Amino acid sequence: MKKIFALVIITLAGSQVNAQDAADKKVQAGLVTGFGLNFQKMGTKLMDNDGVGNDLTIGANVNFGLSETIGLCTGIEFDFETTKFKAGPSPVYYRYYDTELQPKSAGNGNQLFQLTTRKQKATYITIPVMMIFRTKYIGYFRYFGKFGLRNSVLVNSKLNDGGYNFTYDVNPVLEAANGDMVSATQDNMTAKGEMFVFKSAVGLAGGAEWNFVGSTCLVGEIGYYYGFTPLFNNRKDEKAYLFNTDAVGTTPSYFSNKATQGQLMFKLSILF
């Protein structure tokens, strides 16, 4: 019995030593990976949200300890994001050449496409800036909340569209009535300048930190981030890509997609 009691005391003492190693560190740095769900809030009735998108995050984070219970988290992350859209109640069209969407200023000498569904894939470089409020260690664990911003810069964007190609590329209403259209998919299309280059979101997150060996910690968290910047540029009429038309198909009206984004994110990191 005495041996068992002594073993328990030694184990608890070792736990506190390990936890103190991590608690005493002023800087923790390591790798982070995560998965997110994207929710788009539309700013136009001409396009619509087509369900939940997703986000894959990889990168590195650094935690600066301002005190034992308050810190600052930053780093650099790469977000590989998919958002989903579909045409609104009225048919939506665009013109393209090869893999590039053409704006209104390019004229009518390009292939015509009717858009029904769209998966927009974007890559961002993200710099989080978040305050950390955490408990002291309880055994091997401490718990925390975060509040701050995720600021992102767009690296590239690709479009995977579903819809219909037209045979004569002149009057979509007349051609549709004559059956001069064929179901088609358009993969890896580009629309220069369509997406807003900067994205920012304010968010709250919470989780737990497990000091499993020495001063090395495994961290899990869940957070929600509310995007307050637009996903798309509000392009002038001559530079817009998308359009709908009147009942006879002779008067195109160009517009830009409009949306903001919320994200529910799950993250796992290892800090040294």
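Because the structure is predicted, anything quoted here is derived from the model rather than measured.
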Check: R235 main-chain N/O paired with S256 side-chain donor or acceptor under 3.5 Å: yes

T33 backbone acceptor or donor facing T57 side chain under 3.5 Å: no

Donor-acceptor under 3.5 Å (T116 side chain, G162 main chain): yes

Which atom of L268 lies closest to which atom of G220, heavy atoms considered: CD1-CA, 4.2 Å

CA sep, side-chain torsions, deciding dist, call: K104, D237, side-chain contact (heavy atoms from CB on, under 4.5 Å): CA-CA 7 Å; K104 178 181 179 181; D237 187 56; 2.5 Å; yes

Check: Q114 and V92 side chains under 4.5 Å, non-hydrogen atoms: no

Within-4.5 Å side-chain heavy-atom neighbours: K136 and T69: yes

Taking every non-hydrogen atom, the tightest pair across C217 and F212: C-CE2, 3.9 Å

Single-linkage hydrophobic cluster Y140~L218, side-chain heavy atoms < 4.5 angstrom: yes

Working for side-chain contact (heavy atoms from CB on, under 4.5 Å), residues V62 and V27: CA-CA 7 Å; V62 181; V27 179; 3.8 Å; yes

Pair F35 + F266: ring centers closer than 6.0 Å: no

Cation over ring face, R118 and F85, 6.0 Å, 45°: no

Hydrophobic cluster membership, F147 vs V219, 4.5 Å side-chain cutoff: no

Whether N160 side chain and N188 backbone form a donor-acceptor pair below 3.5 Å: yes

Gap separating the OG atom of S253 from the CG atom of D246, nearest 0.5 angstrom: 9.5 Å

From F166 atom CZ to M181 atom CE, the distance as rounded to the nearest 0.5 Å: 4.0 Å

Rounded distance (nearest 0.5 Å) linking atom OG1 of T190 with atom CG of D98: 8.5 Å

Nearest heavy atoms of S152 and Y124, plus distance in Å: CB-CD2, 3.7 Å

Test side-chain contact (heavy atoms from CB on, under 4.5 Å) applied to I76 and I125, V32, T126, the passing residue: I125

Pairwise side-chain contact, N165 with Q111, heavy-atom cut-off 4.5 Å (strictly under): yes

Min side-chain heavy-atom separation I58-E77 under 4.5 Å: no

Parallel, tilted or perpendicular: ring planes of Y94 versus Y96, cut at 30 and 60 degrees: perpendicular

Heavy-atom check, side chain of V173 versus side chain of T245, under 4.5 Å: yes

L56 versus G34, closest heavy-atom pair with distance: CD1-O, 3.5 Å

Pair E209 + R142, salt bridge at N-O below 4.0 Å: yes

Heavy-atom side-chain proximity of Y137 to N211 below 4.5 angstrom: yes

Verdict with supporting geometry, Y254 and L242, side-chain contact (heavy atoms from CB on, under 4.5 Å): CA-CA 6 Å; Y254 278 79; L242 303 175; over 6 Å; no

Same apolar cluster (I L V M F W Y, side chains within < 4.5 Å links), L231/L149: no

Worked verdict on R150 versus D79 for salt bridge (Lys or Arg N to Asp or Glu O under 4.0 Å): CA-CA 11 Å; R150 298 187 82 241; D79 288 319; 3.2 Å; yes

Donor-acceptor contact below 3.5 Å, side chain N38 vs main chain N54: yes

Shortest non-hydrogen separation from N61 to P128 and the atoms involved: ND2-CG, 4.2 Å

Centroid separation F39 to Y226 less than 6.0 Å: no

Beyond-backbone contact of L101 with R95, side-chain heavy atoms, under 4.5 angstrom: no

Donor-acceptor side-chain pairing of K121 and T82 below 3.5 angstrom: yes

Check: T123 side chain, V155 main-chain N or O, donor-acceptor pair, under 3.5 Å: no

Backbone N/O of F64 and side chain of Q28: donor-acceptor pair under 3.5 Å: no

Spacing of CD belonging to Q40 relative to OG1 belonging to T260, to within rounding of 0.5 Å: 8.5 Å

From CG (N234) to CZ (F255), nearest 0.5 Å: 12.0 Å

Under 3.5 Å donor-acceptor, N171 side chain and V248 backbone: yes

Aromatic ring proximity, centroids under 6.0 angstrom, Y93 and F243: yes

Whether K239 side chain and G193 backbone form a donor-acceptor pair below 3.5 Å: no

Transitive ILVMFWY side-chain link M42 to F196, under 4.5 Å: yes

Neighbour count above 12 (heavy atom, 6.0 Å) for F272 CZ: yes

NZ/NE/NH1/NH2 to OD/OE distance under 4.0 Å, R134 and E68: no

Side chain to side chain, E100 and M189, heavy atoms closer than 4.5 Å: no

Residue pair E194 / Q120, side-chain donor-acceptor N/O under 3.5 Å: yes

K199/E81 salt bridge by N-O under 4.0 Å criterion: yes

Check: Y241 side chain, K192 main-chain N or O, donor-acceptor pair, under 3.5 Å: yes

Stepwise side-chain contact (heavy atoms from CB on, under 4.5 Å) test for Q186 and L159: CA-CA 8 Å; Q186 309 260 81; L159 306 171; over 6 Å; no

Single-linkage hydrophobic cluster, 4.5 Å side-chain cutoff, I70 and I132 together: no

Polar side chain donor-acceptor pair, N151 to S200, under 3.5 angstrom: yes

M130 to G148 - nearest heavy-atom pair and separation: CE-N, 3.4 Å

Value rounded to 0.5 Å, distance of NZ in K119 from NZ in K84: 5.0 Å

